[in-house]
Structures are given as C-alpha cells and as structure tokens.
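Have a look at the structure below, then the notes.
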Amino acid sequence: MKKLTAVAILCVCLVVGTLYAMAGGDYPPLKDGDLIFQTSTSNQSSAIIFATGSAFSHMGIIKNDNGAITVIEAGAKVKETPLKTWVNRGLLRQVAIYRDPRLTPETARQLLSYARTLYGKPYDLFFSFNNDAIYCSELPYLTYKAAGIEIGKVQKISELHIDNMLVRNLVQSRWQRDSECTERGYDFDQCYKYILNQSLVTPVSIANDPNLRMIYSNYPL
C-alpha cells in the first residue's frame, strides 16, 4: 500500500500537475527564512519520493535581499540560487512555500548568518548528520536549530519506505564512497544496514511540522 501511495503521488505530479502548473512569480511577499519545496528532476528524486511518500524531494531557504530573492540550498554544494532559476529547475515549476510564525527578524538573521558558514560544503550523498557534507533538508534543520528553533522530525532511514529497488539501487551506486563503511571494511549488505540505521530529517517531515503554515502552493493537491 505504501508503494502504491508513492506511485500515485508521482503520477499526480506528472499528469494532474500539468493542468495546474503555473509559470511562477505570483508569490506573496517572501521573508528571510521562508522554506520552499519542489519536486526535483535529479537522478535521486524518484527514490526520495518513494522513500518519503511525498512529492517534496528538494527544498531550500528563502533569502530576501531588498527584493532580490534567492534560495539557499544544498545542491552540489551549499550556495544561493536565484529564485526563478531554482523554480524553473523543478518538475513543472511547482513549488510550495511555508513560513514559521515563530521566526522573528532577529532569528531570521541568525539562521541566515549560520547558513553562510555552510556555503561551499559538498552535498551529502548519504543523508547523514555524521559528516561535513550537507543534504537539502539538513540545511534548514541545522540553520533553524542554530537560531533556537526545532523544525521537522528526526527519524531513522529504516523508518521510511525503503523496501523498493529505487532506494536500494541508489545506495548500491554510492556505498563504496561512504567513509564510515570503508573504514569499517563493510561489504554492501553490511553498509546498507549501517546506512539504514542512520538518522535524518526529510523535506516532508519539515513541511508537516505543525508550527509551519503554507503561504503558497501551485501543486494540484
């Protein structure tokens, strides 16, 4: 049933979303620290969608520099991307934007200041808190935490919908580059079990945080 749900989500994005997708730009006034979500077109996006049961496979943090809007994201590395470029890169240019009412101008400055210290860090292929690399939803989780605000839900990778070939194949294509597995001399099965026991925070767990409220979405559902 969980697999069918993930498939249905992906099909809705591809089929129904075509009827509703908008060119983008018709957003409410955006503030520093707002969180923006999209369905990535990257090679790993399908595995993330199946694992999390959500169309949100990538996210970033809004920065409003006197009307110049950028998205701070953990892509190939942590960096700022112009909003329009970021939106156009996603599937059907669909985005959802959430705001945390607890965020004050001061805490927003704090989290953006912390985010700047992470610029240039590489993307985390293993979705781990235990290294110097950063994955997309780890970035807002850490920056909000630095400002004294908890968002999202930390859970074991094994708690996700990982019983499918997309997830297993993704791990299989990367496991030999995992320094922890290499140092322990693990084979694939041992490394796979080790990775599944790690903790992470997913984009959808942040979007589902009861403290956040959606301020914009052009997703059909």
Donor-acceptor pair, [X] side chain versus [Y] backbone, under 3.5 Å?
X    : Y    : value
N64  : K31  : no
Q190 : D187 : yes
S113 : Q110 : no
Y27  : I215 : no
S205 : V201 : no
R174 : L125 : yes
D209 : G152 : yes

Review point. What do the steps show when you test T202 against E159 for side-chain contact (heavy atoms from CB on, under 4.5 Å), and what is the final call?
Key: CA-CA 11 Å; T202 64; E159 294 177 51; over 6 Å; no

Point to revise | Pairing residues for D32 by the side-chain hydrogen bond (donor to acceptor under 3.5 Å, both in side chains) criterion, not counting sequence neighbours | key: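 Not a single residue meets the side-chain hydrogen bond (donor to acceptor under 3.5 Å, both in side chains) criterion with D32.
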
Exercise for review: Not counting sequence neighbours, list each pair that qualifies as a ring pair (Phe, Tyr, Trp, His ring centres under 6.0 Å) and has a residue in residues 81-106.
Suggested key: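 Matches after skipping sequence neighbours: F37-Y98, H58-W86.
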
To the nearest 0.5 Å, what is the distance between [atom1] ([X]) and [atom2] ([Y])?
X    : Y    : atom1 : atom2 : value
S217 : I97  : OG    : CD1   : 9.0 Å
L111 : L139 : CG    : CG    : 9.5 Å
F127 : Y135 : CZ    : OH    : 8.5 Å
R93  : N88  : CZ    : CG    : 6.0 Å
I195 : C181 : CD1   : SG    : 5.0 Å
R99  : N211 : CZ    : CG    : 15.0 Å

Review point. Taking atom NZ of K79 as the centre, does the number of heavy atoms from other residues, nucleotides or ligands within less than 6.0 Å exceed 12?
Key: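 Atom NZ in K79 is crowded, with more than 12 foreign heavy atoms closer than 6.0 Å.
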
Quick check: do [X] and [Y] have side-chain heavy atoms less than 4.5 Å from each other?
X    : Y    : value
S199 : K156 : yes
I151 : P140 : yes
S54  : P203 : no
L142 : I134 : yes
Q94  : Q38  : no
D65  : T70  : no

To check you understand the geometry: which heavy-atom pair defines the closest contact between [X] and [Y], and what is its length?
X    : Y    : result
F56  : Y219 : CE2-CE1, 3.6 Å
C136 : Y123 : N-CE1, 3.8 Å
E138 : A133 : OE1-O, 3.5 Å
T81  : R89  : CG2-NH1, 4.1 Å
G33  : I61  : CA-CG2, 3.9 Å

**Study point:** Evaluation steps, side-chain contact (heavy atoms from CB on, under 4.5 Å), between Y144 and L103
**Key:** CA-CA 9 Å; Y144 267 69; L103 202 63; 3.6 Å; yes

Review point. Can you list the residues that meet the salt bridge (Lys or Arg N to Asp or Glu O under 4.0 Å) rule with D132, with sequence neighbours excluded?
Key: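 Here the qualifying residues are K121.
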
**Study point:** Under 3.5 Å side-chain donor-acceptor pair for Y119 and E80
**Key:**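 Result is yes, a qualifying pair exists.
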
Practice item. Would you tell me whether S45 and S40 have side-chain atoms, one donor and one acceptor, within less than 3.5 Å of each other? Key: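 No, no side-chain donor-acceptor pair sits under 3.5 Å.
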
Check your understanding: Checking side chain to side chain contact (heavy atoms under 4.5 Å, CB included) against I62, which of L35, I36, L112 comes through?
Key ->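 Looking at L35, I36, L112, the match for I62 under the side chain to side chain contact (heavy atoms under 4.5 Å, CB included) is I36.
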
Exercise for review: Give the ring-plane orientation class for F129 versus Y141, where under 30° counts as parallel, over 60° as perpendicular and anything between as tilted.
Suggested key: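 Tilted: the ring planes of F129 and Y141 meet at 30° to 60°.
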
**Study point:** Check against side-chain contact (heavy atoms from CB on, under 4.5 Å), L160 and V167
**Key:** CA-CA 10 Å; L160 305 180; V167 174; over 6 Å; no

Check your understanding: Does one hydrophobic cluster hold both I157 and V204, with members joined at side-chain heavy-atom distances below 4.5 Å?
Key ->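 Hydrophobic grouping puts I157 apart from V204.
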
Exercise for review: State plainly whether one hydrophobic cluster holds both L200 and V78, where clusters connect Ile, Leu, Val, Met, Phe, Trp and Tyr through side-chain heavy atoms under 4.5 angstrom apart.
Suggested key: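 Both belong to a single hydrophobic cluster.
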
Review point. Are R168 and D189 close enough, and set up right, to give a salt bridge (charged side-chain N to carboxylate O under 4.0 Å, His left out), and what steps lead you there?
Key: CA-CA 10 Å; R168 188 174 179 86; D189 288 331; 3.3 Å; yes

Exercise for review: Check whether the ring centres of Y194 and F126 lie less than 6.0 Å apart, and answer yes or no.
Suggested key: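 Not close enough - the centres of the two rings lie 6.0 Å or further apart.
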
